[in-house]
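Start at 1 and go down the list; that is how both ligands and their atoms are numbered. Positions are given from 1, in the same order as the sequence printed here.
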Amino acid sequence: MHIETEAIRTQMERTQYSEHSAPVYLTSSYVFEDAEEMRASFSEEKERNIYSRFSNPNTSEFVEKVAKMEGAEAGYAFATGMSAVFSTLAALLNSGDHIVSARSVFGSTHSLLTKYFPKWNITHSYFNVNEPERIEDFIKPETKVIFAESPTNPGVDILDLERLGKIAKKHKLLLIIDNCFATPYLQNPIKYGADLVIHSATKLIDGQGRVLGGVTVGSSELIREIYFFSRNTGPALSPFNAWILSKSLETLPVRLEKHCENALKVAEFLENSEKAKQVKYPFLKSHPQYEIAKKQMKLGGNVVSFEIKGGLEAGRKFIDKVQLCSRSANLGDTRTIVTHPASTTHSKLKEEEQLEAGITPGLIRVSVGLEHVEDIINDLEQALKV
Ligand SMILES: *Cc1c(COP(=O)(O)O)cnc(C)c1O
């Protein structure tokens with residue numbers, strides 16, 4: 001069936017009350033008929049709920065839905081996007097293993113790779129997203145994983161998933177894609193050879209700025225490893241958040257259509273503005289990887305980045321001047337959000353580290369929401385005026 005239908009009609013079995021919409025199961029544990037059923041459940045002969053750190057009807061429904069939408073066999077849901085990234089890598093890697101990752105990754109993923117994994121002797125090499133032809137130079141005998149996001153945060157660069165899939169296959173590496181910016185509606189990395197797809201469900205999957213969540217989907221074999229690691233270490237998604245997120249997925253396709261339509265108009269407005277330069281949006285013809293974006297994405301997503309003329313000071317002034325748009329570090333909300341990474345999310349980095357991560361002093365990221373696009377553009381226009 002079509003992805004819109006899967007998003008709505010993937011639903012747990014109805015109870016004796018014949019409810020139309022799935023209820024929330026706030027229960028930490030489950031009961032058994034007898035000793036034999038308990039034995040069979042614990043020995044995995046029988047698949048059923050035992051304890052909500054392992055599984056729960058709401059988390060299972062959410063996971064099944066994301067897996068269907070991504071074209072994956074199985075998945076596991078996490079309390080946050082970061083617990084999904086951490087647990088996925090930690091479950092599959094051993095001391096001595098090496099990760100090849102794009103340099104442009106989410107800030108906390110960068111901290112995992114540079115600060116925490118080295119404690120367990122798991123190392124990494126970064127490649128530049130604008131030099132994909134050099135990726136293979138970083139592969140060593142101990143490399144196990146290629147990790148990347150596309151589009152990237154906050155630079156909105158695009159990586160060629162088909163190219164990554166081929167490299168991973170040739171060198172027998174796991175390809176893990178953080179698909180947060182694209183969502184399962186716009187892009188399905190498994191089609192291009194990804195082994196695992198990770199989402200922070202906190203962003204566009206919730207889409208309304210309410211709850212945190214994460215999910216990893218892929219082959220049953222890999223998910224089994226991740227499941228047992230997580231069942232013992234405890235990063236499970238709460239049933240209540242799973243219920244919210246599964247409901248949110250029902251409207252993901254229609255929300256994304258509008259987010260992307262608004263974002264393209266905002267990008268076109270900025271491209272024609274004298275106050276903005278280097279406007280980046282995957283579906284603008286001027287985007288350096290426009291052709292690749294068109295090939296692998298249904299639409300361009302909801303994030304637009306640009307460089308404000310006047311650098312750091314102009315960036316701070318712009319943030320102060322917006323009236324409708326929210327000043328926040330989040331993204332993927334119904335409300336349009338503007339961020340100035342150099343003075344906020346990436347302010348702890350030294351200037352050369354910022355530049356290496358693609359953060360220029362005047363870089364502005366706009367997460368385009370669902371307000372009327374004329375109101376969004378009017379607000380940006382008045383904030384850009386000096
Ligand atoms: C937000 C984000 C994460 C982390 O998700 P949380 O739910 O905040 O833990 C990971 N990757 C990307 C690309 C993100 O934008």
Exercise. L370, I376: one ILVMFWY side-chain cluster at the under-4.5 Å cut-off?
Worked result: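 Hydrophobic grouping puts L370 apart from I376.
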
Problem set entry | Residues forming a ring pair (Phe, Tyr, Trp, His ring centres under 6.0 Å) with F78, sequence neighbours excluded |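 Once residues adjacent in sequence are excluded, the partners of F78 under the ring pair (Phe, Tyr, Trp, His ring centres under 6.0 Å) criterion are Y76.
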
Problem set entry | pair I167-V100: side-chain heavy atoms closer than 4.5 Å |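 No, side chains not in contact.
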
Problem set entry | Distance-only polar pair, side chains of T10 and E64, donor-acceptor under 3.5 Å |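 No, because no side-chain N or O of T10 sits under 3.5 Å from a partner of the opposite role on E64.
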
Exercise. Is a salt bridge present between K280 and E307, judged by a nitrogen-to-oxygen distance below 4.0 Å?
Worked result: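 Not counted as a salt bridge, because no side-chain N and carboxylate O are separated by less than 4.0 Å.
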
Problem set entry | Cation-aromatic face contact K203/F106, 6.0 Å, 45 degrees |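 Pair K203/F106 counts as cation-pi.
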
Check ligand 1 for close polar pairs with the protein: N or O on both sides, less than 3.5 Å.
| residue | atom | partner | partner atom | Å |
| --- | --- | --- | --- | --- |
| ligand 1 | 5 (O) | S200 | OG | 2.9 |
| ligand 1 | 7 (O) | G81 | N | 2.8 |
| ligand 1 | 7 (O) | S200 | OG | 2.9 |
| ligand 1 | 7 (O) | T202 | OG1 | 2.6 |
| ligand 1 | 9 (O) | G81 | N | 3.1 |
| ligand 1 | 9 (O) | M82 | N | 2.8 |
| ligand 1 | 11 (N) | D178 | OD2 | 2.6 |
| ligand 1 | 15 (O) | K203 | NZ | 2.7 |

